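Take a look at the structure set out below.
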Amino acid sequence: MLILIIIIKNIHLKIKKDDNMYVLGDWRRTHFSNEITPEMNDEEIIIMGWAHSIRKLGKLVFIILRDREGTVQIVVPKQKVSEEVFATAKSVGREDVLAIKGKVVANEKAPAGYEVIPIEIRILNKADTPLPLDPSEKVPADIDTRLDKRFLDLRRPKIQALFRLRSEMFKSVRDTFYDSGFIEVNTPKLVASATEGGTELFPISYFEREAFLGQSPQLYKQMMMAAGFDRVFEIGPIFRAEEHNTRRHLNEAISIDCEMSFSDEKDAMKVLEKIVHNVFADLYENNQKEFQTLGINLTVQETPFPRLTYTEAVDIVNSKGIEMEWGEDFSRAAEKALGDSMEGFYFITDWPTETRPFYTLPNQKDPKLCKAFDLMYKDLEISSGAQRNHKYDLLVEGIKRMGLNPEGFGTYLEAFKYGMPPHAGWGLGAERFMMIITCQENIRECVLFPRDRQRLTP
RNA sequence: GCCCUGGUGGUGUAGCUCGGCCUAUCAUACAGGACUGUCACUCCUGUGACUCGGGUUCAAAUCCCGGCCAGGGCGCCA
């Protein structure tokens, strides 16, 4: 008889619990974890998130609930909660999605000085077991495993912090652009021809024609100068079909691009270093929490950044015992030699014209050199730019010299015939910039779903 | 594309040099049990793996060859 009663009671409990399974109902979150304080003692709140870790101690259960902003300890003492709440708490598994209505209790024994005693727990969704990787970081996982299960990897507080910083970086960049008189534009990523030369493009099928994914907004943003926008910027994807296999290359990346009229390369460099400096200053000011989570001590480098001519840089490389001819681009060994002798950000200016694309303006006095620059951080190139060639005839000449066919450039070239102002600009690799800000060795860490030579999923 | 290193439970690893005592180590995870202050809880019991193909050998996780994949380096990357 007693057994029968227990069984019936259990069934009853189970049905009641199932009623609240997966049901959000009219519950809405009242607080994120970081909005709760010990001063809220006795206040009733609703919190929602994931079961980060669970410790069951017989008649006492601790659930660490994790949301976007952090964690909060839920304590479930059998004597202080209903039988149903206690049973639900005992059934919670790691990474289950929970909604908890409960009371804040100030308690020195709790990690944050407060904890929450639940009045009702709703399991909004169960997580399958075992988890394909451990979001609580007890056991490390290879980057390959992590990227395969990225949705779970992204739950880790460190990874969340990194992508929060990425978002804040873009916000800061936009703020500085807007404050400096730039207009944000969007240019096509489906393009008709590969005539720009240089990098390999991804061919795609465009109805009955072949098209390509854009390698750079370069030609379009220059046309915006002919359009009279004066100063434009674009933040968008670029695609490069190079079979590179390194920790600092991606086949799909985000490029922060700008172009400015009635300006030379020195003006462009000033905008670039202002953007970079402001990002560091803004993140330093507003995001210490994220840097703490990542264990990074951010230092803000003052402007102006050091300027080094290409010729000076070659001398430094050679003085370090790395052989390099004037006129060559820097090899990895050369970049590393430069990185050894330079701290933080620096510019390399006055490049040999031959090493730069056709749209770069050669120096009038010494046409062997051109008005191009790279922004480096130690041994990593993060941006390159230049004053552009705004004279139609010189541009056509440049295109021919690079072995390209001017006829393939269509409207781009035409834009130079009907009133193109002198202009300059640059492109900054967002992921490489993030590598520097967050001290990452592998660029894949800075993208939600990286695309590289082998990886096309998830 | 080239060079180096590697691929062992869900995850991360030990074992490989010198083949057999491997019925494969440990941690974590997972399942069950005990526990009212955990915070990497603790304790007990249990589940779960040798990248694929070929070869050498009485015998292969271990040695050889090839494929695939990964990590690192280089090249390529206007």
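Nothing here was measured: the structure is a model prediction, and the numbers come from that model. Sequence lines set the chain letters: A, B, ... in the order given, protein chains first and strands last, and positions in each chain run from 1. All values below were derived from every heavy atom in this structure, side-chain atoms included, with hydrogens, water molecules and symmetry-related copies excluded.
- Looking at A:Asp257, its side chain never comes within 3.5 Å of a backbone N or O of A:Phe233 through a donor-acceptor pair.
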I'd like a list of close polar pairs between nucleotides 32-36 of chain B and the protein, N/O only, cut-off under 3.5 Å.
unit_1	atom_1	unit_2	atom_2	d
B:C35	N3	A:Lys56	O	3.3
B:C35	N3	A:Gly58	N	3.2
B:C35	N4	A:Lys56	O	3.3
B:C35	N4	A:Gly58	N	3.2
B:U36	OP2	A:Lys59	N	3.0
B:U36	O4	A:Gln79	OE1	3.1

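- Ion pairing between a basic and an acidic side chain is recognised when a charged N comes within 4.0 Å of a carboxylate O; A:Lys189 and A:Glu234 show such pairing.
- For the pair A:Glu120 and A:Lys101, the salt-bridge criterion is not met [side-chain N within less than 4.0 Å of a carboxylate O].
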Starting from the C-alpha separation in whole Å, work towards a yes-or-no answer on salt bridge (Lys or Arg N to Asp or Glu O under 4.0 Å) for A:Glu381 and A:Arg432. CA-CA 8 Å; A:Glu381 176 195 332; A:Arg432 286 201 175 175; 5.1 Å; no

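- With a cut-off of 3.5 Å on both pairing distances, B:U25 has no Watson-Crick or G-U wobble partner at all.
- Here A:Arg332 lies in heavy-atom contact (under 4.0 Å) with sugar-phosphate atoms only.
- The base of B:A78 has none of its N or O atoms less than 3.5 Å from a complementary donor or acceptor on the side chain of A:Thr360.
- Other residues, nucleotides and ligands place more than 12 heavy atoms under 6.0 Å from the CD atom of A:Glu312.
- Between B:C3 and B:C41, the two P atoms lie 47 Å apart (nearest whole Å).
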Would you sort out whether A:Lys391 and A:Glu397 count as a salt bridge (Lys or Arg N to Asp or Glu O under 4.0 Å), showing the intermediate values? CA-CA 10 Å; A:Lys391 297 286 287 173; A:Glu397 211 174 278; over 6 Å; no

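- Comment: A:Lys158 does not engage A:Glu137 in a salt bridge, judged by the lack of any side-chain N to carboxylate O separation of less than 4.0 angstrom.
- In this structure, B:G1 and B:C74 make a Watson-Crick or G-U wobble pair, each of the two defining distances being under 3.5 angstrom.
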Using residues 368-380 of chain A as the side-chain source, report each donor-acceptor pair under 3.5 Å to any protein atom, sequence neighbours left out, with the distance given to one decimal.
unit_1	atom_1	unit_2	atom_2	d
A:Lys371	NZ	A:Glu265	OE1	3.4
A:Lys371	NZ	A:Gln387	OE1	3.2
A:Asp374	OD1	A:Arg356	NH1	3.3
A:Asp374	OD1	A:Arg356	NH2	2.6
A:Asp374	OD2	A:Arg356	NH2	3.3
A:Asp379	OD2	A:Arg332	NH2	3.3

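- Look at the P atom in both B:G66 and B:U5: the space between them is 13 Å, to the nearest Å.
- Rounding to whole angstrom units, NZ of residue A:Lys138 and P of B:C26 are separated by 19 Å.
- Here B:A31 sits opposite B:U45 as a Watson-Crick or G-U wobble pair (both hydrogen-bonding atom distances under 3.5 Å).
- When each of A:Tyr392, A:Phe358, A:Phe416 is tested with A:Phe409 by the rule ring pair (Phe, Tyr, Trp, His ring centres under 6.0 Å), just one qualifies, namely A:Phe358.
- A:Asn251 has its CG atom 16 Å from the P atom of B:C76, to the nearest Å.
- In terms of position on RNA chain B, the residue among A:Asn442 and A:Ser53 whose nearest nucleotide sits closer to the 5' end is A:Ser53.
- Regarding A:Leu152, its CG atom lies at a distance of 15 Å from the P atom of B:A29, rounded to whole Å.
- Listed nucleotides B:G1, B:C74, B:C39 differ in distance to A:Thr246; the shortest reach to its side chain belongs to B:C74.
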Treating primed atoms plus P, OP1 and OP2 as sugar-phosphate and everything else as base, which nucleotides of nucleotides 2-14 of chain B get B, S or - for protein heavy atoms under 4.0 Å? --------SBS--

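- Rounding to whole angstrom units, OH of residue A:Tyr412 and C1' of B:A78 are separated by 11 Å.
- Taking atom C1' in both B:C58 and B:A49, the straight-line distance is 27 Å, to the nearest Å.
- B:G71 sits 14 Å from B:U8 when the P atoms are compared, rounded to a whole Å.
- Looking at heavy-atom distances under 4.0 Å, A:Ile64 makes no contact with the nucleic acid at all.
- Using atom C1' as the reference point in both B:A24 and B:U13, the two lie 13 Å apart (nearest Å).
- Remark: A:Arg66 engages A:Glu95 in a salt bridge, criterion side-chain N to carboxylate O under 4.0 Å.
- Under the Watson-Crick and G-U wobble criteria, each requiring two contacts below 3.5 Å, nucleotide B:C63 is paired to B:G55.
- Interatomic distance, A:Ile316 CD1 to A:Met324 CE, rounded to the nearest 0.5 Å: 11.0 Å.
- Considering only side-chain atoms of A:Thr129, the nucleotide from B:A31, B:C77, B:A29 that sits closest is B:A31.
- Residues A:Pro357 and A:Arg453 both approach RNA chain B. Their nearest nucleotides, taken by heavy-atom distance, put A:Arg453 toward the 5′ side.
- With hydrogens and angles left out, the side chain of A:His244 and the base of B:C76 share no donor-acceptor pair within 3.5 Å.
- Side chain A:Glu115 to base B:G37: a donor-acceptor pair is found below 3.5 Å.
- Here A:Lys336 lies in heavy-atom contact (under 4.0 Å) with sugar-phosphate atoms only.
- Nucleotides B:U42 and B:C35 are separated by 9 Å at their C1' atoms, to the nearest Å.
- A salt bridge between A:Asp452 and A:Arg444 is present, with a side-chain N of the basic residue lying under 4.0 Å from a carboxylate O of the acidic one.
- Base pairing of B:G6: its partner is B:C69, meeting the Watson-Crick or G-U wobble criterion (both donor-acceptor distances under 3.5 Å).
- Across all strands, A:Gln454 comes closer than 4.0 Å only to sugar-phosphate atoms, never to a base (heavy-atom distances).
- As rounded to whole Å, 14 Å separates atom P of B:G75 from atom CZ of A:Phe330.
- If you check every strand for non-hydrogen atoms under 4.0 Å, A:Ala110 touches a base.
- Regarding A:Glu441, its CD atom lies at a distance of 10 Å from the P atom of B:G72, rounded to whole Å.
- Rounded to a whole angstrom, the distance from the C1' atom of B:U62 to that of B:U47 is 27 Å.
- Note: CH2 (A:Trp351) to C1' (B:A78) measures 12 Å, nearest angstrom.
- A:Glu273 has a carboxylate O that lies under 4.0 Å from a charged side-chain N of A:Arg307, or vice versa, which qualifies the two as a salt bridge.
- Residue-level contact check: A:Arg55 touches the bases, meaning some heavy atom is under 4.0 Å from a base atom.
- Residue contacts shown for A:Asp452 are absent, as no nucleic acid heavy atom lies under 4.0 Å away.
- Distance, A:Arg146 CZ to B:A70 C1': 14 Å, rounded to whole Å.
- Across every strand in view, B:U36 sits unpaired, with no contact that passes the Watson-Crick or G-U test at under 3.5 angstrom.
- Taking the P atoms as reference points, B:C52 lies 11 Å from B:A61, given to the whole Å.
- Contact annotation: A:Arg248 does not reach the phosphate of B:C77 (side-chain N/O to OP1 or OP2, under 4.0 Å).
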